[in-house]
Every structure is written in C-alpha cells, then in structure tokens.
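As structure tokens, the structure follows; a few thoughts come after it.
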Amino acid sequence: MKIGLVVPAAGRGDRLAAGRPKAFVLLAGEPLLVHAVRGALSSGVVDVVVVVVPAGMRDTVLELLAPLDCPDLRVVVGGGERQDSVRAGVHALPSDVDGVLVHDAARSLAPPRVFVDVVAALEAGAVAVVPTLAVSDTIKRVVDGVVVETVDRRELAVVQTPQGFRHDALHAAHEAARGAAPATDDAGILEALGHEVRVVPGAPEAIKITLPQDLLLAEVLVGAAPTAPVAP
Ligand SMILES: Nc1ccn([C@@H]2O[C@H](COP(=O)(O)OP(=O)(O)OP(=O)(O)O)[C@@H](O)[C@H]2O)c(=O)n1
Ligand SMILES: C[C@](O)(CO)[C@H](O)COP(=O)(O)O
C-alpha cells in the first residue's frame, strides 16, 4: 500500500502555554513536530508526508524538516479546529495514496512499532485502525457533583495516534463531517458513519503533550530511550 502521513501541527497549545504554537516547543532541544515526523519516518512505512501548520509557519517547517529527508513533503495551513486541520491535510495528499496515517505532532514520542502495526492492520483489510491502551484508573460518571455510575473499565480504552484509514473512506468521512460539531479524533468521524474501527496496541510513551507536566514527563522519556539496540 502507498501510505500518506498527515501530521496536524496547527494548534495553538493554549493549555501548554509555552509562548509559541505547541508543535514548535522544544523537547530535548528539538521541536515536538520534528520528533513526531522522525518517529513516523523511522517506521519505514510512510511514502508521503503532509504537515499542517499555523498560518505563517510554512517556511519555518520546511527548514526544520529538511534534515529528515521526507520522501515527498507537503506543508499546508490548518484551520480553527483539529478536524479542520486534518481535513486540509487529507486534501493535500496525492490521489494515488491507499492508506493514511493521521498523527498528532503533540504525540511526539509514538514509537515506530505503532506505525508499523497500524499499517499492517490496514494491509490486512481494516478500514480504520486506532492504537489503544487499557484504562488503569477507576472511571465514574459524575453528574452535578454526584457519582451516578462506576463504568466497567474492561470495556474502555485510551485512544492514541497514529490512527490509520483507507484513503477513500477518510476523505469521504471528513467531507461528510464538514460543519458538524468537531470530533475529538478521526476514528470518531468514521464510527459515526458506521465503519468498523479496529484496534492495535498503543504505546505508553505516546502521551499527548498537552499540559506543562506532560512536557516534563516527555523530557524524562526521551532521556530514558535507548540510544543503541538493546541486546536480547
Ligand atoms: N486547530 C488545530 C488544533 C489542533 N491541531 C493539532 O492537533 C493535535 C492535537 O491537538 P491538541 O493537543 O489539543 O493541541 P492544541 O489545540 O494546540 O492544544 P490546546 O487545546 O491546548 O490549544 C496537535 O498536534 C495540534 O497541533 C491542529 O492541527 N489544528
Ligand atoms: C486524536 C487524539 O490524540 C486521540 O486521543 C485526541 O483525541 C486529540 O484530542 P485534543 O482534545 O484535540 O487534544
């Protein structure tokens, strides 16, 4: 399959409040976006890269990503919501792409193994694939300050990116969702149309860097990453 990668990186990062758009905040001396794209390329499964950026940042991104040797790099400007940015990215893909990986710049430490697993599921025939982790806390539904239910966490999953889709299905779903209330992930848009969404194992280090404490954790995780292959 020919695989396109769409990286939404056009968010403001209000919750991180780092004084610049989040994708350009430094982690171990490099922008979050560079970590995210490098991780995806290391998987060896990506043929085309579309990065979706804030207005005015196109040249900066081309310069930042030049050393990574992206196979076919396109940079487009995003929209007001994540969903608008992903749609702009999907529109920038060449029509001969078969499968699409949508991967948040904010999940900078997603390991190459997850990209490989998501693409393998697409190649096995899935229309939509998400990496998930089990929930480790007890989860309750709370209404007006009162617990109304303890949810069975065995049925719950934390959902990450990269999320993988058949190109035609993702394009059609994003078109159908134009103008609707924004979804928090792309799989949700396909679910709403009745598509089956498969799961593969996520990765604990693929945290979404959202709050200042997430960036601190990411610094620790980068420092803990092995720099050489680990002997069996
Ligand atoms: N209009 C938007 C909003 C978000 N994103 C991207 O979507 C990913 C997940 O979004 P989130 O972590 O919520 O980022 P922000 O919207 O930047 O965060 P905040 O809500 O704190 O401003 C990020 O890589 C972000 O850059 C985007 O491309 N376009
Ligand atoms: C797509 C996502 O990363 C999956 O967990 C998440 O839904 C993005 O959410 P955000 O509220 O836009 O950060």
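Start at 1 and go down the list; that is how both ligands and their atoms are numbered.
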Checklist entry - Are Val53 and Leu32 joined in one hydrophobic group, where the rule is that I, L, V, M, F, W and Y side chains link up if heavy atoms are under 4.5 Å apart? => result no
Checklist entry - With hydrogens left out, which residues have an atom under 4.0 Å from ligand 2, given that only heavy atoms count? => result Arg15, Arg82, Asp104, Arg107, Val159, Thr161, Thr184, Asp185, Lys208
Checklist entry - With backbone taken as N, CA, C and O and side chain as the heavy atoms from C-beta onward, which portion of Glu81 lies under 4.0 Å from ligand 1: side chain, backbone, both, or neither? => result backbone
Checklist entry - Going through the distances and angles, do Val158 and Thr132 end up as a side-chain contact (heavy atoms from CB on, under 4.5 Å)? => result CA-CA 5 Å; Val158 173; Thr132 62; over 6 Å; no
Next on the checklist: When you compare ligand 1 with Ala10, is there at least one nitrogen or oxygen pair between them that comes in under 3.5 angstrom?
Outcome noted: yes
Item to check | Donor-acceptor contact present, side-chain Arg87 to main-chain Glu175, <3.5 Å | outcome: no
Item to check | Beyond-backbone contact of Leu41 with Val49, side-chain heavy atoms, under 4.5 angstrom | outcome: yes
Checklist entry - Would you say ligand 1 has an N or O under 3.5 Å from any N or O of Ala106? => result yes
Checklist entry - What do you reckon, does Ala23 put a non-hydrogen atom under 4.0 Å from ligand 1? => result no
Checklist entry - Side chain or backbone of Lys22 under 4.0 Å from ligand 1, or both, or neither, by non-hydrogen atoms? => result side chain
Item to check | Check: Asp14 N/O within less than 3.5 Å of ligand 1 N/O | outcome: yes
Checklist entry - Quick one: does ligand 1 sit under 4.0 Å from the side chain of Ser85, the backbone, both or neither, non-hydrogen atoms only? => result side chain
Checklist entry - Should the pair His91 and His171 be assigned to parallel (<30°), tilted (30 to 60°) or perpendicular (>60°) ring geometry? => result tilted
Next on the checklist: Under 3.5 Å between any N/O of Gly79 and any N/O of ligand 1: does that happen in this structure?
Outcome noted: yes
Checklist entry - How far apart are the closest heavy atoms of Ala203 and Val114, and which atoms are they? => result CB-CG2, 3.9 Å
Next on the checklist: Checking side-chain polar atoms at under 3.5 Å, does His174 have a donor or acceptor matched by the opposite partner on Asp186?
Outcome noted: yes
